[in-house]
Amino acid sequence: MSVPFIDFKEQNSLIQPEIDAGFKKVFEKGDYILGEQAHLFESAFSKYCEAQYGVGVNSGTDALHLAMAALDIGDGDEVIVPTHTFIATALCVSFCRAKPVFVDIEPDTYNIDPKAIEKAITKKTKAIIPVHIYGQPANMDEIIAIARKHGIKIVEDAAQAHGSRYKGKRVGSLGDVACFSFYPTKSLGACGDAGMIVTSDKAVYDKALMLRDYGRKGRYEHKIKGTNSRLDTLQAVVLNAKLKHLDEWNAMRAKNAAYYAELLKPLSGVVTPITKSDRTHVFQTYAIRLSNRDQVVESLKAKGIGALIHYPIPLHLQEAYADLGYKAGDFPVAEKTANEILSLPMFPHMNKEQVEMVVKALKESL
Ligand SMILES: *Cc1c(COP(=O)(O)O)cnc(C)c1O
């Protein structure tokens, strides 16, 4: 008996009729590019995030890239990024010819460490990109205080945290701009690539609208140099259907996480995720820590349990960033985390037996 890393069959069958009807309507209407469903999703999702505006784009990576551009980040600027994240968090900075400045993370939440941010700030720092890693918001009060003190912007990388809350407020409303990915495996996922920039800043919104549409305002006038990165109307049909279920599905993930925690508690050497009392965790990823992680991953795979590593190489040690001159030992917390972290299967419709099977296999693998 095997347990996949994720399995969306059940959630897909729930929304299948709505998607069939929605696709048919789009084909009949022919509004493929920035059609009605895309606009509906922009307003529904930004409202869900308790923010004023949403700009649908091609991917989470594009959302980050265009957010940087909308904030005028460019040549000579520095942007502070946690080293423990997906590489897109830093690529967006490089694409704008600015420099990502990596910093360490907190050992308990794996989120960016505010104390490390303060130390990394220079005259060139223009922004901080906190990543709400695995689904739990970063320590925003401290990050906001630092950003205000130094007059720098906050771009939330919320690609893993659709719907989670910090002190009651939704992720997406906590910084100057927030970027979401709707990559199929995210907790709100399309049937392909999709992403969104969410903001309550009208100037950022207006610029992001132009940036994703060849820099134009109206049909023939091009105000700035933009690109082509627009949320597909067909993807928006899928996302509109799923958004209605997101809170319920997040609650199901949290219930599975609680059951994992209960079963894993007696196992020595397994560190389970913690949730800070002032925020919620939506568990897009259920990540535990183990000292003999590499052996355990192989053993779990052999037993048919889907397990992945998010992420085995911190960004400062990636070949793509060799030019920045970082070395092993620069960020000890992130490096230790990269060696020990392990993501177990997690999806809303995962049942109790599946959680039990994963824990049983893990016990044997230890
Ligand atoms: C998935 C992800 C992205 C990139 O999103 P894409 O839609 O795949 O481009 C960026 N940042 C984080 C933290 C992610 O998990």
Side-chain angles (χ1 to χ4, degrees), residues 5-6 41 45 54-69 79-96 100 102-103 105-106 109-112 127-138 140 143 154-164 171-172 174-175 177-198 208 211-212 227-232 235-236 238-239 242 250 253 281-287 308-316 318 320-321 334 337-338 341 343 346-347:
F5 186 67
I6 42 178
F41 183 65
F45 189 70
V55 180
V57 295
N58 273 351
S59 67
T61 303
D62 274 6
L64 285 160
H65 181 190
L66 299 187
M68 290 289 114
V79 177
I80 297 175
V81 174
T83 189
H84 180 73
T85 178
F86 185 59
I87 197 164
T89 315
L91 291 176
C92 64
V93 180
S94 308
F95 285 168
C96 294
F102 296 123
V103 297
I105 55 167
E106 301 174 328
T109 63
Y110 316 118
N111 272 319
I112 191 167
I128 308 166
I129 312 185
V131 180
H132 307 308
I133 200 87
Y134 306 141
Q136 175 168 217
M140 293 306 293
I143 295 168
I154 298 173
V155 178
E156 294 174 76
D157 183 340
Q160 302 186 359
H162 316 70
S164 72
V171 148
L174 304 169
V177 197
C179 300
F180 288 87
S181 164
F182 307 111
Y183 182 79
T185 60
K186 309 286 182 182
S187 31
L188 180 59
C191 294
D193 280 309
M196 197 182 290
I197 296 167
V198 168
L211 283 167
R212 69 143 178 214
T227 185
N228 173 0
S229 180
R230 300 167 301 211
L231 173 70
D232 268 4
Q235 297 302 345
V238 176
L239 293 166
K242 286 192 179 180
N250 280 344
R253 286 175 185 272
H281 195 320
V282 291
F283 293 102
Q284 173 166 303
T285 303
Y286 189 82
L308 293 173
I309 300 169
H310 301 100
Y311 300 89
I313 307 172
L315 300 189
H316 69 283
Q318 289 284 359
Y321 281 114
T337 303
I341 206 84
S343 308
M346 171 57 81
F347 46 95

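Just so you know, these numbers come straight off a predicted model, no measurement behind them. Along the sequence shown, residues are numbered consecutively beginning with 1. Both counts, for ligands and for their atoms, begin at 1 and track the order of listing.
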Minimum distance, heavy atoms only, to atom 1 (C) of ligand 1: which one of Q160, H132, K186, H310 is it? K186
Of the listed options A161, S181, A88, closest to atom 6 (P) of ligand 1 (non-hydrogen atoms): S181
Within ligand 1, which atoms have a heavy atom of [X] less than 4.0 Å away?
X    : value
T85  : 13 (C)
A159 : 2 (C), 3 (C), 10 (C), 11 (N), 12 (C), 14 (C), 15 (O)
S59  : 7 (O), 9 (O)
G60  : 5 (O), 6 (P), 7 (O), 9 (O)
V131 : 13 (C)

Shortest protein contact, atom 9 (O) of ligand 1 (heavy atom only): T61 OG1, 2.5 Å
May I ask you to identify the nearest protein heavy atom to atom 13 (C) of ligand 1, giving residue, atom name and distance to one decimal place in Å? D157 OD2, 3.4 Å
Which atom of A161 lies closest to which atom of V171, heavy atoms considered: O-CG1, 3.7 Å
Tell me if a side-chain donor or acceptor on Q284 pairs with a main-chain N or O of S187 at a distance below 3.5 Å. yes
Looking at the rings of F45 and F182, which for Trp means the six-membered one, are their centres under 6.0 Å apart? yes
Would you say the ring centroid of F347 lies under 6.0 angstrom from that of F5? no
Report yes or no: do H316 and T83 form a side-chain donor-acceptor pair below 3.5 Å? yes
Short side-chain donor-acceptor distance under 3.5 Å, S59 and D193: no
Rounded distance (nearest 0.5 Å) linking atom CD1 of I133 with atom OG1 of T89: 7.0 Å
